[in-house]
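Report on the following structure.
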There are 2 protein chains.
Amino acid sequence: MSPKATSRLAADAAALYELEAQIGFVLRRSHQRHVSIFAECMADLSLTPQQFSALVKIQDEAAVSQNRLGRLTAMDPATILGVVQRLVQRGLVDRSPDPVDPRSTRLTLTTKGQALVTSAVPMAREATDRTLARLTPAERKDLLRLLSKLATGENE
Amino acid sequence: MSPKATSRLAADAAALYELEAQIGFVLRRSHQRHVSIFAECMADLSLTPQQFSALVKIQDEAAVSQNRLGRLTAMDPATILGVVQRLVQRGLVDRSPDPVDPRSTRLTLTTKGQALVTSAVPMAREATDRTLARLTPAERKDLLRLLSKLATGENE
DNA sequence: GTGGTACTGTTTGCATACAAATAGTAAGTC
DNA sequence: GACTTACTATTTGTATGCAAACAGTACCAC
């Protein structure tokens, strides 16, 4: 065993824990900054990233159940409930009972909701661009790839 | 102008907006997964990432004001207030008036808090490792570097 | 020393985020 | 058809996260 390995054992216990170099801290900061930029870009439309995600996915699917929408947008049932309620309250989304499954709710975009998503997409693209502004195209691609490896799949 | 460029103009308006390929969505999902892993690793100690961050920084500084602690851990004054209150309530942190500036609060670790951080650091390291498990050492370094470029500095 | 500016901690209000528990229904097995 | 299992939406409770406004104090300029 090298002297270096020996000293590492001793160092591990009381070793400096550099918070700023931990993936969790950097992920949280990066996400905070993006949310802040997104809010600026979307100020006129007053949409949070989660609300916008929900609108986009309802549009993609034309009609979705609430829980399925939650899975598509990575929100648990309790969270997506609140998001949908606020969108319904603003007249952007319609809720109607599912004709085949009485447990299920059918979510669709209203005309107003449809129009809002359409005008929101360019703003969301701007938020993406501003968030990634300091990275080269190659770096952006790398970052997306690496983060996707982190985000996808199970906890082990 | 090439035919391709022409079609791009038309495509941009109604172009497919792929939510799963947007940096914001992937950042949110990655962060969610890390928080979930962190909670598993820290289950015995019942510390959130933010609570743990605060304890580590109080230890680093020996004594800090609440607002400064918030800046060190990337939490705004309203947020750090709640985090600190919970730590004080659990007997992990002491609050005392700052001897020189009556506006300021002096935060220090209790003996119990000191002991808890010490035993929590290895668990936090495990959470980091499990979050990054699918990446090679080179990929981990790249990811940290790219995320740091996103997180640091101003919004423009 | 008076006044403006900046900083301390705090409160309120709103929007995620999720665990845990609930009621109701669907769909399978036997 | 009764039972089990799984899925629907919902409720409650706790913990961030931040904008906005607040009272109190420091500090600096003049």
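Computed from a predicted model, the values in this text were never measured in an experiment. Lettering of chains follows the sequences in order, A, B, ..., and the numbering in each one begins at 1.
When rounded to the nearest whole Å, the span between CZ of B:Arg86 and P of D:dG13 equals 16 Å. Counting to the nearest Å, the P atom of D:dT10 and the CG atom of A:Asp76 are 13 Å from each other. Atom CZ of A:Arg29 is separated from atom C1' of D:dG17 by 14 Å (rounded to the nearest Å). Distance A:Ile80 CD1 to D:dT10 P: 11 Å, rounded to the nearest Å. Remark: C1' of D:dT14 and CD of B:Gln50 are 13 Å apart, rounded to the nearest angstrom. Atom CE of B:Met42 is separated from atom C1' of C:dA19 by 19 Å (rounded to the nearest Å). Going from atom CG of A:Leu81 over to atom C1' of C:dT22 covers 14 Å, rounded to whole Å. A:Asn67 places its CG atom 17 Å from the P atom of C:dG24, with the value rounded to the nearest Å.
Scored by the side-chain contact (heavy atoms from CB on, under 4.5 Å) test, A:Glu126 finds A:Cys41, A:Arg130 as partners (sequence neighbours excluded).
Checking A:Val100 against A:Val83, the closest nucleotide of DNA chain C that is more toward the 5' end is the one next to A:Val83.
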Chi angles and distances behind the side-chain hydrogen bond (donor to acceptor under 3.5 Å, both in side chains) call for B:Gln66, B:Thr105: CA-CA 6 Å; B:Gln66 189 172 283; B:Thr105 310; 5.2 Å; no

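Under a hydrophobic-cluster definition in which Ile, Leu, Val, Met, Phe, Trp and Tyr are linked whenever side-chain heavy atoms come within less than 4.5 Å, directly or via other members, A:Met123 and A:Phe38 are assigned to the same cluster. Note on B:Leu81: it does not cluster hydrophobically with B:Leu87, by side-chain heavy-atom contacts below 4.5 Å among ILVMFWY residues.
In this structure, B:Tyr17 and A:Phe52 have perpendicular ring planes: the angle between them is above 60°, well past the 30° mark.
Close to C:dT16, at under 4.0 Å from its OP1 or OP2, lies no side-chain N or O of B:Gln32. Using a 4.0 Å cut-off, some side-chain N or O of A:Arg95 falls inside it from OP1 or OP2 of D:dT10. The phosphate of D:dT10 (OP1 or OP2) has a side-chain N or O of A:Gln66 nearer than 4.0 angstrom. Not one side-chain nitrogen or oxygen of B:Ser36 sits closer than 4.0 Å to the OP1 or OP2 atom of C:dC18. Contact annotation: A:Ser104 side-chain N/O to D:dT8 OP1/OP2 distance is not under 4.0 Å. Note on A:Thr105: a side-chain N or O is less than 4.0 Å away from OP1 or OP2 of D:dA9. The side chain of A:Arg71 contributes an N or O atom lying less than 4.0 Å from OP1 or OP2 of D:dT8. Proximity of B:Arg28 to the phosphate of C:dA17: a side-chain N or O atom is located under 4.0 Å from OP1 or OP2.
Ranking C:dA26, D:dA9, C:dT16 by closeness to the A:Asp101 side chain, first place goes to C:dA26. The side chain of B:Gln85 lies closest to C:dT11 when the candidates are C:dA17, C:dT11, D:dC18. For B:Pro102, counting side-chain heavy atoms from C-beta on, the closest listed nucleotide (C:dT16, C:dT10, D:dA26) is D:dA26. Side-chain proximity of A:Ala78 to the nucleotides D:dT11, C:dA26, D:dC18 is greatest for D:dT11.
Summarising the local packing, CZ of B:Arg68 is surrounded by 12 or fewer heavy atoms from other residues, nucleotides or ligands at distances under 6.0 Å.
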Summary of protein contacts for nucleotides 1-6 of chain C, nucleotide by nucleotide, where a base hit scores B, a sugar-phosphate-only hit scores S (4.0 Å, heavy atoms): ------

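Salt bridge annotation for B:Glu139-A:Arg145: present, with a cationic side-chain nitrogen under 4.0 angstrom from a carboxylate oxygen.
Contact check for B:Lys149 versus A:Leu135: side-chain heavy atoms found under the 4.5 Å cut-off.
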